[in-house]
Amino acid sequence: MESSVATNFSKMGFNASQNWFHQCYEWCKDENPTYSRQQLLEEIKRQWYMVDIREDGVQQQAQIHESWLTARKIVIRQTICLQVLQAVDIAKSAYSQLQDMLKVDNANVAVSSEDNQNQFKASWEPKPNRVLKITLTDGFHTIAGLEHEPCPRLQYPLNPGAKLKLTGPLVCRRGQILLTPKNVQVLSDNGIEELAKEFDIKTVLAR
């Protein structure tokens, strides 16, 4: 049964090491002796969603290639499952986002340069779209994901530790994968407590 579950797990694009999968499988089976193949598969997926894939022994090998980070433009054909480390909206200033999150409302903020610029905009002018820049990891390397088209499935702020599935073909320019609704899927939006401390959005924006 383990081999068939492992095959299905691998086909979904997960890159877990054989050792991690075996230990997780044995633990899930001990905890739930009556589980079917499908139930075991779902439980192992849930465990992978909850782990920091940067930990030693979790991932089998790197999925992010060095060429992706340096090429002017490259098309990635494969499907990859990556972990979110941090995400920021680069369409708005970090300062204004931090003020919103801290719920700061005072005279100094009201007359900020950004607000002064906004007051001269005509009512018919379109509001700027959100553009998320997401730091992603395969457990070995990191790469940026850039919201090239609005992706409603990506709820901001994204929790550090969330898992995304990117399906090719993916255009990558100078180390940034261009994200569109058709090629990004949220596998799990649950965060990981340790990562939430390391990549707290307020700390990231303040930096």
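In this text the structure is predicted, and so the values were computed from the model without any measurement.
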- request: Determine, step by step, whether R37 and S4 satisfy the side-chain hydrogen bond (donor to acceptor under 3.5 Å, both in side chains) criterion, reporting the C-alpha distance in whole Å, the side-chain angles of both residues, the deciding distance to 0.1 Å, and the verdict.
  value: CA-CA 8 Å; R37 284 186 179 88; S4 64; 3.1 Å; yes

query: Can you check side-chain contact (heavy atoms from CB on, under 4.5 Å) on Q39 and N32, steps first, answer last?
result: CA-CA 9 Å; Q39 288 173 316; N32 309 279; over 6 Å; no

- request: Could you state whether I201 and L164 fall into the same hydrophobic cluster, counting links through intermediate Ile, Leu, Val, Met, Phe, Trp or Tyr residues with side-chain heavy atoms under 4.5 angstrom apart?
  value: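 Both belong to a single hydrophobic cluster.
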
Could you check whether atom [atom1] of [X] has more than 12 heavy atoms from other residues, nucleotides or ligands sitting under 6.0 Å from it?
| X | atom1 | result |
| --- | --- | --- |
| K133 | NZ | no |
| D30 | CG | yes |
| E31 | CD | yes |

- request: Start with the C-alpha gap between Y25 and Q47, add the side-chain angles, then the distance that decides, and say whether side-chain hydrogen bond (donor to acceptor under 3.5 Å, both in side chains) holds.
  value: CA-CA 10 Å; Y25 177 87; Q47 294 300 320; over 6 Å; no

- prompt: So do I76 and P169 actually touch side chain to side chain, heavy atoms under 4.5 Å?
  reply: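 With C-beta onward as the side chain, the pair stays apart.
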
- request: In sequence, state the C-alpha distance, the side-chain angles, and the governing distance for S10 and T7, and then conclude on side-chain hydrogen bond (donor to acceptor under 3.5 Å, both in side chains).
  value: CA-CA 5 Å; S10 179; T7 299; over 6 Å; no

field: Side-chain donor or acceptor of D200 paired with backbone N/O of T203 under 3.5 Å
entry: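 Flag set: sc D200 to bb T203 pair under 3.5 Å.
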
- request: Check for a donor-acceptor pair, side chain of D89 on one end and backbone N or O of V131 on the other, with a separation under 3.5 Å.
  value: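 Yes; judged by distance alone, with no hydrogens or angles, the pair exists.
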
- prompt: Using 30° and 60° as the class limits, which term best fits the ring planes of H65 and W68: parallel, tilted or perpendicular?
  reply: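 Perpendicular, since the angle between the ring planes exceeds 60°.
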
task: Could you tell me which non-hydrogen atom of Q59 sits nearest to which non-hydrogen atom of I53, and how far apart they are?
output: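 Smallest interatomic distance, heavy atoms only, reads CG-O, 3.5 Å.
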
message: Which heavy atom of F14 sits nearest to which heavy atom of C81, and what is that distance?
response: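 Reported closest heavy-atom pair: N-SG, 4.1 Å.
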
query: Applying the side chain to side chain contact (heavy atoms under 4.5 Å, CB included) test to V84, which of L154, L136, L195 qualifies?
result: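 Result for side chain to side chain contact (heavy atoms under 4.5 Å, CB included) with V84: L136.
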
message: Return the NZ to CD distance between K92 and Q97, rounded to the nearest 0.5 Å.
response: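 Result: 5.5 Å between the selected atoms.
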
